[in-house]
> 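Below you'll find the structure I mean.
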2 protein chains.
Amino acid sequence: MTDSATTASVSPGHAHRNGKMPDPEPATRYHHGALPDALLSAARLILERDGVAALSLRAITRAAGVSHTAAVPHFGDLAGLLAELAATGMDELRAALVAADGTSRLIAEAYVFYAMDHAHMFELMFRSDLIDRNRPRYREAASALFAILAEPSHSSATVAQEEDKVKDGIYDMPDAARYTAAWGLVHGLAVLATDGRLDPLRSRLKDPVSRKELVRQAILSVPPLL
Amino acid sequence: MTDSATTASVSPGHAHRNGKMPDPEPATRYHHGALPDALLSAARLILERDGVAALSLRAITRAAGVSHTAAVPHFGDLAGLLAELAATGMDELRAALVAADGTSRLIAEAYVFYAMDHAHMFELMFRSDLIDRNRPRYREAASALFAILAEPSHSSATVAQEEDKVKDGIYDMPDAARYTAAWGLVHGLAVLATDGRLDPLRSRLKDPVSRKELVRQAILSVPPLL
DNA sequence: CCGGTAACTTTCCATTGGAAAGTTATGCTT
DNA sequence: AAGCATAACTTTCCAATGGAAAGTTACCGG
């Protein structure tokens, strides 16, 4: 087969910069109008359905109904496109952490659970060999994510104390060490869990529990770090 | 270019099953005699020099001076070969942990430092999309590695107590949670550090330190888990 | 000595990302 | 309102990949 199965054809969407409608419904048109979004949607679809390995330039463009080089003007190359997609994942993870507002343990849980609930996206987000980490969009999303983890407002100290500490975004070692440990813990748990690395242990459990429960207990076994 | 640069030609090695020397030095011979080892050596060379992305079947076989399908009889496919290579990495990491015998913090440090000192190998070891995790050699190496982390002998309890606990390799939840957290922490730190994810934070440090120092402080900021 | 089989090589193919060059439409300028 | 620069695409081409298939070579047990 040449394509067929993977052809999900993401619709154009129409959003010309000016309000002018370009044409009612010309089955296929040369200038797509909203290709970047269409490509990202198509890529997301493929990612969620078939995993990162299926994210080929050709599969994505095929799903969007364009030629396999059509992404170049917008994203440069595949790594550029995937970086933009990964950036949306970063945003979502960040939103999940913000939503889990509360104790540092709930934030930690939110990090790992997001990864488990969006394993493919999470993998893409940290596959440095696949994405162009220098894309501004990605850089900012990534740093905004870390900012949540390094936000001292979760701690027990007063607001005034903490606002003082974070001045100019400069950290002192005790804080940096704790943020690093916290990120390391949740990221490691996320990676191990989504990769099935915890299952051998889980199957040797006296009374078995779900992946998430094991992760939760693991987080609880560590005193709050933030 | 077709090859040249990547041609590192790993020497045959000679180890015919019987003691009989097959031929003094016939520049090239059809039956290599020790292809599996030669391929693994070549792969290791390429991995350490150029990273996992360079680990193509063709590059490896080229470096070993054989045709690009010569690995099939021995390893099945590329994922099989890489799994064997990754297994040796698992063994080395395990050895490093054993050598770091002592407090659980030193073991944790050894885990992360091995990853940082052998970043490419460490990446391969956990790239489930590249390796055939079902290969017995890999499975055993991986489980042996975890066994070190889950070895209660690092704790403060008596030998008798612990030997009792680990009976039949069945864990109860409190232990499992601690082992999971410990592995998560060191693995996460290893992944983040080797991927350069800690550098943005590091550059915002009041008084900068090396990657390793940051990692060490991070580990120290967490109470011993094992 | 000979036949079976494992260890290789050669050839072939589908798939990939990207470069290069051609085509089409858009919108800015006058 | 016309036309022209240019951005958004398509087509074609290429080198590289992993693996299947079929052909060769050499070892090894009888």
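Side chains included, hydrogens not; waters and symmetry mates left out as well; all remaining heavy atoms used. Lettering follows sequence order; numbering is per chain, from 1.
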> With the side chain of B/S67 defined as its heavy atoms from C-beta on, choose the nearest nucleotide among C/dT9, D/dA8, C/dA7.
C/dT9
> Take atom CG of A/D37 and atom P of D/dA8, then tell me their distance rounded to the nearest Å.
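Result: 14 Å.
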> Dump the intermediate steps for ring pair (Phe, Tyr, Trp, His ring centres under 6.0 Å) on B/F122 and B/H118, then the final yes or no.
CA-CA 6 Å; B/F122 182 77; B/H118 309 80; 9.9 Å; no
> Please report the distance, rounded to the nearest Å, between CZ in B/F75 and P in C/dA7.
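Rounding to the nearest Å, CZ of B/F75 and P of C/dA7 are 11 Å apart.
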> Using a strict cut-off of less than 4.0 Å between a Lys/Arg side-chain nitrogen and an Asp/Glu carboxylate oxygen, indicate whether A/R44 and A/D37 qualify as a salt bridge.
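No salt bridge links A/R44 with A/D37.
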> Taking salt bridge (charged side-chain N to carboxylate O under 4.0 Å, His left out) as the cut-off, I'd like each qualifying pair that reaches into residues 67-86 of chain B, sequence neighbours left out, listed once.
B/E84-B/R135
> Do B/T88 and B/M121 have side-chain heavy atoms sitting under 4.5 Å apart?
yes
> Please identify which of these residues, B/L149, B/V186, B/L106, meets the side-chain contact (heavy atoms from CB on, under 4.5 Å) condition with B/L97.
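When side-chain contact (heavy atoms from CB on, under 4.5 Å) is applied between B/L97 and each of B/L149, B/V186, B/L106, only B/L149 qualifies.
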> Which whole-number value in Å describes the distance from A/I60 CD1 to C/dG17 C1'?
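Answer to the nearest Å: 12 Å.
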> Could you check how far CD1 of A/I46 sits from P of C/dT15, rounded to whole Å?
15 Å
> Any Lys/Arg nitrogen of B/D199 or B/R204 sitting under 4.0 Å from an Asp/Glu carboxylate oxygen of the other?
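Between B/R204 and B/D199 there is no salt bridge, as every charged N stays at least 4.0 Å from the carboxylate O atoms.
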> Would you call B/R137 and B/D132 a salt bridge, taking side-chain N to carboxylate O under 4.0 Å as the test?
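Between B/D132 and B/R137 there is no salt bridge, as every charged N stays at least 4.0 Å from the carboxylate O atoms.
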> Scan residues 124-131 of chain A against DNA chain C and write down, sorted by residue number, each residue with any heavy atom closer than 4.0 Å; if none is found, say none.
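None, since no heavy atom is under 4.0 Å.
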> Whether A/R62 contacts D/dT10 is assessed here as follows: a side-chain N or O lying under 4.0 Å from the phosphate OP1 or OP2. Is that the case?
no
> So does B/R94 pair up with B/D91, basic N to acidic O under 4.0 Å?
no
> Listing time: all N or O pairs from protein to nucleotides 18-22 of chain D that are below 3.5 Å?
{"residue": "D/dG18", "atom": "OP1", "partner": "B/L57", "partner atom": "N", "Å": "2.7"}
{"residue": "D/dG18", "atom": "OP2", "partner": "B/L57", "partner atom": "N", "Å": "3.0"}
{"residue": "D/dG18", "atom": "OP2", "partner": "B/R58", "partner atom": "N", "Å": "3.1"}
{"residue": "D/dG18", "atom": "N7", "partner": "B/R58", "partner atom": "NH1", "Å": "2.5"}
{"residue": "D/dG18", "atom": "O6", "partner": "B/R58", "partner atom": "NH1", "Å": "3.0"}
{"residue": "D/dG19", "atom": "OP2", "partner": "B/L78", "partner atom": "N", "Å": "3.2"}
{"residue": "D/dG19", "atom": "N7", "partner": "B/H68", "partner atom": "NE2", "Å": "3.1"}
{"residue": "D/dG19", "atom": "O6", "partner": "B/H68", "partner atom": "NE2", "Å": "2.8"}

